[in-house]
A.B. asks: 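Pasting a structure here, questions to come.
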Amino acid sequence: MSLPERSLCAGQVRPDHLGQELILKGWVRRRRDLGSLVFVDLRDREGICQLVFSEDRTPAAFALAKELRPEYVIAVRGTVRPRGEKDVNPHMETGSVEVEVSELEVLAEAETPPFAVEDEALVSEEMRLAYRYLDLRRPFQNARIVARHRLAQRTRSHLSERGFIEIETPFLTKSTPEGARDFLVPSRLRQGSFYALPQSPQLFKQLCMVAGFDRYFQVVRCFRDEDLRADRQLEFTQIDIEMSFPTEEAIMALAEGLVAALFEEAGLAPPPSIPRLTYAEAMERYGCDKPDTRFGLELGTVSEIARETGFGVFKGALEACGCVRGLAVPGMAGISRKQIDELNGIVKPFGGKGVVSLMRRDGALAGAALKHIGEGPAAAMLEAVEAKEGDLGLFVADGYDTACACLSALRLHFAGALGLVEKGRHDLLWVHRFPMFEWSPEEARWMARHHPFTMPREEHWPLLESDPGKVEALAYDLVLDGNEIGGGSIRIHRGDVQRKVFKALGFSEEQAQEKFGFLLDAFRFGTPPHGGIAFGFDRLVMLLLGCDSIRDVIPFPKTTSGLCLMTGSPGTVEAKQLDELGIAIKEK
RNA sequence: GGGGUCGUAGCUCAGUUUGGUUAGAGCGCCGGCCUGUCACGUCGGAGGUCGCGGGUUCGAGCCCCGUCGGCCCCGCCA
């Protein structure tokens, strides 16, 4: 009674098949029952095809068709027929034909799903994640995962063709200091010891260079036990690349070529040029190390003008070695008091104390702080940020980093509110010449901004001991539309330089040896200069597909609190399992 | 760790401002009718732990406290 093998996918039926007898298999999307005529939309991965059952022409199949419900899995034997001229559905790829079914077999019944398996269905993300297999069955969501596959395949072929070798590195490895919190895996064979899941294969890829593979890549899962966001998951996929004897230029050129290929694969035109900004320039112009350059609203500095005013807000910041920076928002001079108050709310999470607003409207100046600042300086401040008649000037007085963060947030806010981003536009840019270290007030020491294996600029090596804050790194980030999609560096390949960097980070010789001894050992046996880059694959796919959340391009993601609503992980384990691992749960 | 926001029928939501009789809508679901539908139509029907716990009150979906969960953000994420 079983129907034979499928001859075609439902979504692939075309006028070419007119008159042919086909075997189709798939899911019932919807049944439209007109009494003695029944239409069924049959769905599979490739699309949807209309099936027809009629009482007088195919009575046996017709009777069974009455029983069909959404998401039943069925097999049919039928003949491809043209639709009448009036009956063609221009919205369907298969809309000019239909399949008259002579034989119907129900392969699996289905309960009514908790939500309709259709693109149009409005469903909360909570439901989608709890029934992810149904969510993924929806055509548009299914297509995202297929697109992800294509992008991964294109990555592999692109890099393979250029001499890169995909090499697997361990998931069960060693916990290292610095960086993100590790996921730990207890060892049964050696109780009390733990593996760590890799935050990235960083050290192993460097060791692949020591091993002489010359060019390495991997599409690889990474794990970081940190809080989740719209663009961050506990486990995520990285395109990890490393090469021997590189220049910065060689790595950047390779990365640009790969990204161009991925744009093409996604059906997008790659941005024609990829400008480079130094870190300092990015902060100066955009207040951000991953600026969205698809719109202007660039920042200016007005500290010197502000210094001449008696305004206490400015004075306080400047006396604390801060600055006064600002930006002009075109056409917003009519902003209301309420809206101005809302701006303070935007700035607050970034540590900003408030926003000073000055307006040029009706040929005069306005703003609550105008009387404190004075007409002359206020005009000069607006001039400095290029605010014209009808424009709003926003100023923040604070430490440099805080002022930048606040203004960057305001910049993004107004770009969204004013619709300044041209639809379909994508901007790529490099940010490079990052500082090697940043000061951590909590730990009272310097921390590596990129990672501790990044090569400092050679002319700055002497500063490693005297003034670490001034050391620049041979590191570069690739930014797409205001998102960091990749970052890399030239690595340290000399033990002596590596030791100096560890020292600057406050590691003792013993700590360095204990944590990274295997790397330092390897460096003693002839290490080629090397460097590389890693892309956040999920984030890149998200942006290329125009999604708002990384979860949309990950088949089985976790919620923002790290739970899997489908499996219920993380879960408790049997006492026996804990016992085997020598682990006891601490009572709260 | 902190802030914001949401949680009411299978789903998406209204009702919460100002506590008051029997908690509503659309879609879906179940049944009847229907030969050209494709968001089929049409007639009828079923369906509720108002996230959970506690409190205030004569009375709580609505007010208060706590808690769990979704989403967004700060911190964190080399």
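To find a chain, count down the sequence lines: A is the first, B the second, and so on, and within it residues start at 1.
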A.B. asks: For Phe223(A) and Phe171(A): C-alpha separation, side-chain torsions, deciding distance, then whether ring-ring contact (aromatic ring centres under 6.0 Å, His included) applies.
C.D. replies: CA-CA 9 Å; Phe223(A) 307 85; Phe171(A) 279 2; 5.5 Å; yes

A.B. asks: Using Watson-Crick or G-U wobble geometry with both distances under 3.5 Å, which nucleotide pairs with rG59(B)?
C.D. replies: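 In the structure as shown, rG59(B) has no Watson-Crick or wobble partner.
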
A.B. asks: Tell me which nucleotide among rG10(B), rG36(B), rC29(B) gets nearest to the side chain of Asp87(A).
C.D. replies: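 Between rG10(B), rG36(B), rC29(B), the one nearest the side chain of Asp87(A) would be rG36(B).
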
A.B. asks: Look at the side chain of Pro349(A) and decide which nucleotide, out of rG36(B), rC74(B), rG70(B), has an atom nearest to it.
C.D. replies: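 Within the option list, the nearest is rC74(B).
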
A.B. asks: Who does rG69(B) pair with, Watson-Crick or G-U, both distances under 3.5 Å?
C.D. replies: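 Across all strands, the one nucleotide that pairs with rG69(B) is rC6(B).
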
A.B. asks: Side chain of Ala180(A) only, heavy atoms from C-beta on: which candidate in rC38(B), rC77(B), rU12(B) is closest?
C.D. replies: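 Selected nucleotide: rC77(B).
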
A.B. asks: Mind running side-chain hydrogen bond (donor to acceptor under 3.5 Å, both in side chains) on Thr169(A) and Gln218(A) for me, showing each step along the way?
C.D. replies: CA-CA 9 Å; Thr169(A) 52; Gln218(A) 191 176 188; 3.0 Å; yes

A.B. asks: Please give the distance between the C1' atoms of rG47(B) and rG66(B) as a whole number of Å.
C.D. replies: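 Their C1' atoms lie roughly 32 Å apart.
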
A.B. asks: Could one point to a donor on the side chain of Arg232(A) or the base of rC77(B) with an acceptor on the other under 3.5 Å away?
C.D. replies: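 Donor-acceptor pair under 3.5 Å: yes.
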
A.B. asks: Assign each of Leu228(A) and Glu125(A) to its nearest nucleotide of RNA chain B by heavy atoms, then name whichever residue's nucleotide is nearer the 5' end.
C.D. replies: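 Mapping each residue to its closest nucleotide by heavy atoms, the 5'-most match is Glu125(A).
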
A.B. asks: Using only heavy-atom distances, decide whether a donor-acceptor pair under 3.5 angstrom links the side-chain of Arg83(A) to the base of rC38(B).
C.D. replies: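 By the distance-only test, yes, there is a pair.
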
A.B. asks: By the 4.0 Å heavy-atom rule, please label Gln233(A) as base, sugar-phosphate, or nothing.
C.D. replies: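 No contact.
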
A.B. asks: rU12(B), rC77(B), rG36(B): which one has an atom nearest the side-chain heavy atoms of Leu122(A)?
C.D. replies: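 For Leu122(A), the side-chain atoms sit closest to rU12(B).
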
A.B. asks: Which nucleotide in the set rU35(B), rC38(B), rC34(B) lies at the smallest distance from any side-chain heavy atom of Met92(A)?
C.D. replies: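 Closest nucleotide among those given: rC38(B).
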
A.B. asks: Classify the side-chain pair Gln50(A)/Arg32(A) by whether it contains a donor and acceptor separated by less than 3.5 Å.
C.D. replies: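 Side-chain D/A pair, Gln50(A) to Arg32(A): present.
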
A.B. asks: If you check every side-chain atom of Phe350(A), which of rG36(B), rC74(B), rC77(B) has the closest atom?
C.D. replies: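 Nucleotide nearest to Phe350(A)'s side chain: rC74(B).
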
A.B. asks: CD of Glu67(A) versus P of rC30(B): gap in Å, rounded?
C.D. replies: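 Taking CD of Glu67(A) and P of rC30(B), I get 11 Å after rounding.
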
A.B. asks: rG70(B), rG75(B), rU12(B): which one has an atom nearest the side-chain heavy atoms of Arg229(A)?
C.D. replies: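 Among the listed nucleotides, the one closest to the side chain of Arg229(A) is rG75(B).
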
A.B. asks: Rounded to whole Å, how long is the line connecting atom CD of Gln50(A) with atom P of rG36(B)?
C.D. replies: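 Atom CD in Gln50(A) sits about 13 Å away from atom P in rG36(B).
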
A.B. asks: Is there a salt bridge (charged side-chain N to carboxylate O under 4.0 Å, His left out) between Asp467(A) and Lys470(A) once you walk through the steps?
C.D. replies: CA-CA 6 Å; Asp467(A) 194 357; Lys470(A) 288 221 166 65; 3.1 Å; yes

A.B. asks: Ignoring backbone atoms, establish whether Ser124(A) has a side-chain N or O less than 4.0 Å from OP1 or OP2 of rC6(B).
C.D. replies: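 For rC6(B), OP1/OP2 do not have a side-chain N/O of Ser124(A) under 4.0 Å.
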
A.B. asks: Describe the nucleic acid contact of Pro70(A) in one word from base, sugar-phosphate, nothing, applying a heavy-atom distance below 4.0 Å.
C.D. replies: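 Pro70(A): backbone/sugar contact only, no base atoms under 4.0 Å.
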
A.B. asks: Pair Glu111(A), Arg69(A) - check salt bridge (charged side-chain N to carboxylate O under 4.0 Å, His left out), show working.
C.D. replies: CA-CA 8 Å; Glu111(A) 287 179 23; Arg69(A) 294 291 180 274; over 6 Å; no

A.B. asks: Going by modelled atom types, is there a donor-acceptor pair between the base of rG28(B) and the side chain of Glu118(A) at under 3.5 Å?
C.D. replies: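 Donor-acceptor pair under 3.5 Å: no.
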
A.B. asks: Between Asp548(A) (CG) and rC71(B) (P), how many Å, whole number?
C.D. replies: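 Taking CG of Asp548(A) and P of rC71(B), I get 14 Å after rounding.
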
A.B. asks: Rounding to a whole Å, what distance do you find between Leu51(A):CG and rU37(B):C1'?
C.D. replies: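 Rounded to the whole Å, the gap is 13 Å.
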
A.B. asks: Can you measure Asp227(A) atom CG to rG75(B) atom P for me and round it to whole angstrom units?
C.D. replies: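 Rounding to the nearest Å, CG of Asp227(A) and P of rG75(B) are 12 Å apart.
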
A.B. asks: OP1, OP2 of rG70(B) versus side-chain N and O of Thr559(A): anything below 4.0 Å?
C.D. replies: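 Indeed, a polar side-chain atom of Thr559(A) lies that close.
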
A.B. asks: Mind checking the C1' distance from rC76(B) to rU67(B)? Whole angstroms is fine.
C.D. replies: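 rC76(B) and rU67(B) have their C1' atoms separated by 25 Å.
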
A.B. asks: For a quick check of understanding: with a heavy-atom distance under 4.0 Å over all strands, which category does Ser561(A) fall into, base, sugar-phosphate or nothing?
C.D. replies: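 Sugar-phosphate: the residue Ser561(A), judged by heavy atoms under 4.0 Å, touches backbone atoms but no base.
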
A.B. asks: In the strands shown, is rG44(B) matched to any nucleotide by a Watson-Crick or G-U wobble pair with both distances under 3.5 Å, and which?
C.D. replies: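 rC30(B) - that is the nucleotide pairing with rG44(B), both distances being under 3.5 Å.
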
A.B. asks: Under the 5.5 Å and 30° test, is Phe115(A) stacked on the base of rC11(B)?
C.D. replies: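 Whether judged by distance or by angle, Phe115(A) falls short somewhere, so it does not stack on the base of rC11(B).
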
A.B. asks: Rounded off to whole Å, could you give me the CZ-to-C1' distance for the Arg30(A) and rG41(B) pair?
C.D. replies: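 That distance rounds to 14 Å.
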
A.B. asks: Considering only the C1' atoms, how many Å lie between rU8(B) and rA25(B), rounded to the nearest integer?
C.D. replies: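 The same atom, C1', in both gives a distance of 13 Å.
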
A.B. asks: Out of rC74(B), rG36(B), rG31(B), which nucleotide sits closest to the side chain of Arg69(A)?
C.D. replies: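 Taking heavy atoms from C-beta onward, the closest nucleotide is rG31(B).
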
A.B. asks: Base, sugar-phosphate alone, or nothing: which one does Arg57(A) contact when heavy atoms must sit under 4.0 Å apart?
C.D. replies: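 No contact.
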
A.B. asks: Rounding to the closest angstrom, what is the interatomic distance between rG69(B) and rG51(B) at atom C1'?
C.D. replies: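 So the two C1' atoms sit 8 Å from each other.
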
A.B. asks: Regarding Glu178(A) and His451(A), is there a side-chain donor-to-acceptor distance under 3.5 Å anywhere?
C.D. replies: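 Absent: no donor and acceptor within the cut-off.
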
A.B. asks: Is any side-chain nitrogen or oxygen of Arg181(A) closer than 4.0 Å to OP1 or OP2 of rG75(B)?
C.D. replies: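 Answer no for this pair, as no side-chain N or O of Arg181(A) is under 4.0 Å from OP1 or OP2.
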
A.B. asks: Reckon Asp56(A) touches a base, only the sugar-phosphate, or nothing at all at heavy-atom distances under 4.0 Å?
C.D. replies: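 It contacts base atoms.
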
A.B. asks: In this structure, how many angstroms lie between the C1' atom of rG28(B) and the CZ atom of Arg32(A), rounded?
C.D. replies: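 After rounding, the gap between these two atoms is 16 Å.
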
A.B. asks: Under 4.0 Å between any heavy atoms, over every strand shown, what does Ser54(A) touch: base, sugar-phosphate, or nothing? Just pick one.
C.D. replies: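 Nothing, no nucleic acid heavy atom in range.
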
A.B. asks: Report the nucleotide, chosen from rU12(B), rC40(B), rC71(B), that has the shortest atom-to-atom distance to any side-chain atom of Leu34(A).
C.D. replies: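 The listed nucleotide nearest to Leu34(A)'s side chain is rC40(B).
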
A.B. asks: With nearest nucleotide decided by heavy atoms, which residue, Ala230(A) or Glu442(A), maps closer to the 5′ end of RNA chain B?
C.D. replies: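 Counting from the 5' end, the first nearest nucleotide belongs to Ala230(A).
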
A.B. asks: Between the side chains of Asp240(A) and Tyr216(A), is a donor N or O closer than 3.5 angstrom to an acceptor N or O?
C.D. replies: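 Result is yes, a qualifying pair exists.
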
A.B. asks: Describe, in one word, how the ring planes of Phe453(A) and Phe502(A) are oriented to each other, choosing from parallel (under 30°), tilted (30 to 60°) and perpendicular (over 60°).
C.D. replies: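 Taking Phe502(A) first and then Phe453(A), their aromatic rings stand perpendicular (interplane angle over 60°).
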
A.B. asks: So what does Pro452(A) hit on the nucleic acid, given a heavy-atom distance under 4.0 Å: a base, only sugar-phosphate, or nothing?
C.D. replies: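 Base, at least one base atom sits under 4.0 Å.
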
A.B. asks: Can you tell me the distance, in whole Å, between the CE atom of Met127(A) and the C1' atom of rC6(B)?
C.D. replies: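 So the two atoms are 16 Å apart, to the nearest Å.
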
